[in-house]
**Q** 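Once you've had a glance at the structure underneath, I'll fire off some questions.
Both backbone and side-chain heavy atoms feed into the values below; hydrogens, waters and symmetry mates do not. From a predicted model like this one, the values you see are computed outputs, not experimental measurements.
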Amino acid sequence: AQLAGSSQESLETGLKFLSRNSVEAAGGSKEMAKAFRDAGISLKDTAGRARPTEALLGDLADTMKRTEDPGKRTALAMKLLGRSGAELIPLLKDGAAGLAAVRQEAIDLGGGLSEELVKNADELDDNLTRLQFSMLGLKSVIGNTLLPVIDRVVRGIIGFVTATQK
């Protein structure tokens, strides 16, 4: 992403938005379905299965390459990729072939996003989300256990303060 003038963070955010928006479109969101249709992006393959996000991004890149009006390009990028879409235009402007070339160059230079790295990053993201939820549960358990004790302490302090002021 950085080789094309976009940040890795923007690419990751954009891919998450693209994935979420494609799920919304497939799930019945008329607005999102229309956005993909208007961009000439098919959400399903010839067998009727959902296409991978990477394939959708390639189609979006081809659409961006064909779109001459910079304002329309920006609007389309932001609609499907979220706010980071505008920053990703340099990465997408040369179509799917340009996107593939940038990816290959990054791999050749020892960087890039291998499929294994993407899979591992997704798994880590899922596990971090699980950890976040489990911590909320732990806070609830601790809070429910300690709240009565804290309440008694606070009442005791209030009683002490009012008794000493008499």
Side-chain angles (χ1 to χ4, degrees), residues 1-140:
Q2 291 173 326
L3 291 172
S6 301
S7 74
Q8 185 67 33
E9 183 178 331
S10 291
L11 178 59
E12 290 171 5
T13 301
L15 287 172
K16 285 180 185 178
F17 268 92
L18 183 62
S19 179
R20 187 193 76 199
N21 288 337
S22 69
V23 169
E24 283 184 20
S29 168
K30 291 179 181 173
E31 179 186 355
M32 275 300 130
K34 182 179 180 337
F36 280 97
R37 202 171 37 254
D38 289 350
I41 300 172
S42 176
L43 296 173
K44 296 187 177 186
D45 63 17
T46 55
R49 294 182 303 254
R51 294 177 64 221
T53 304
E54 188 174 323
L56 300 177
L57 185 65
D59 287 355
L60 177 58
D62 285 340
T63 299
M64 300 289 274
K65 182 178 180 179
R66 290 189 305 269
T67 304
E68 293 181 19
D69 182 340
K72 287 182 181 178
R73 245 192 327 263
T74 302
L76 176 62
M78 292 182 73
K79 181 75 173 178
L80 296 180
L81 300 169
R83 287 187 299 229
S84 63
E87 187 182 331
L88 294 173
I89 291 172
L91 180 65
L92 304 173
K93 70 179 174 37
D94 293 325
L99 187 61
V102 169
R103 182 176 184 193
Q104 188 57 53
E105 182 179 6
I107 290 169
D108 292 346
L109 293 172
L113 296 174
S114 68
E115 294 199 19
E116 182 181 1
L117 175 63
V118 171
K119 179 181 166 253
N120 289 339
D122 285 343
E123 191 173 319
L124 174 62
D125 189 46
D126 290 346
N127 285 331
L128 288 173
T129 300
R130 286 182 188 102
L131 177 62
Q132 185 178 22
F133 280 116
S134 67
M135 292 304 291
L136 287 173
L138 181 61
K139 286 179 187 177
S140 294

**Q** Identify whether the distance between the nearest side-chain nitrogen and carboxylate oxygen of R20 and E24 falls below 4.0 Å.
**A** yes

**Q** Tell me the closest heavy-atom pair linking A26 and L43, and the distance in Å.
**A** N-CD1, 4.0 Å

**Q** If you take all heavy atoms of A86 and T74, which pair is closest and at what distance?
**A** CB-CG2, 4.1 Å

**Q** Closer than 3.5 angstrom, by distance alone: can the side chain of T13 be matched with the main-chain N or O of S10 as a donor-acceptor pair?
**A** no

**Q** Which distance, rounded to the nearest 0.5 Å, do you find between the CG of L81 and the CE of M64?
**A** 7.0 Å

**Q** What distance do L57 atom CG and L15 atom CG have between them, rounded to the nearest 0.5 Å?
**A** 5.5 Å

**Q** Can you tell me how far apart CG (L92) and CD (E87) are? Round to the nearest 0.5 Å.
**A** 11.0 Å

**Q** Looking only at non-hydrogen atoms, find the nearest pair between T63 and A39 and report the distance.
**A** OG1-O, 2.6 Å

**Q** Could you pull out the closest heavy-atom pair between L56 and S42, with the gap in Å?
**A** CD2-O, 3.5 Å

**Q** Locate the shortest heavy-atom distance separating A25 from A33; write the atom from each residue and the value.
**A** CB-N, 3.5 Å

**Q** At what distance, to the nearest 0.5 angstrom, does OG1 of T67 lie from CZ of R73?
**A** 7.0 Å

**Q** CD1/I41 to CG/L18 distance, rounded to the nearest 0.5 angstrom?
**A** 7.0 Å

**Q** Does R83 CZ have over 12 foreign heavy atoms under 6.0 Å away?
**A** no

**Q** Taking all atoms of both residues into account, what is the closest heavy-atom pair of A61 and A96, and its distance?
**A** CB-N, 3.7 Å

**Q** Among residues at least two apart in sequence or on other chains, which ones pass side-chain contact (heavy atoms from CB on, under 4.5 Å) with K34?
**A** R37, D38

**Q** Can you check whether K79's main-chain N or O pairs, donor with acceptor, with N21's side chain at less than 3.5 Å?
**A** yes

**Q** When you compare the side chain of R66 with that of D62, does any pair of heavy atoms fall below 4.5 Å?
**A** yes

**Q** Could you give the distance from OG1 (T53) to CG (L60), rounded to the nearest 0.5 Å?
**A** 11.5 Å

**Q** Not counting sequence neighbours, which residues clear side chain to side chain donor-acceptor pair (under 3.5 Å) with E68? List them please.
**A** none

**Q** Step by step, work out the side-chain contact (heavy atoms from CB on, under 4.5 Å) result for D94 and L99.
**A** CA-CA 7 Å; D94 293 325; L99 187 61; over 6 Å; no

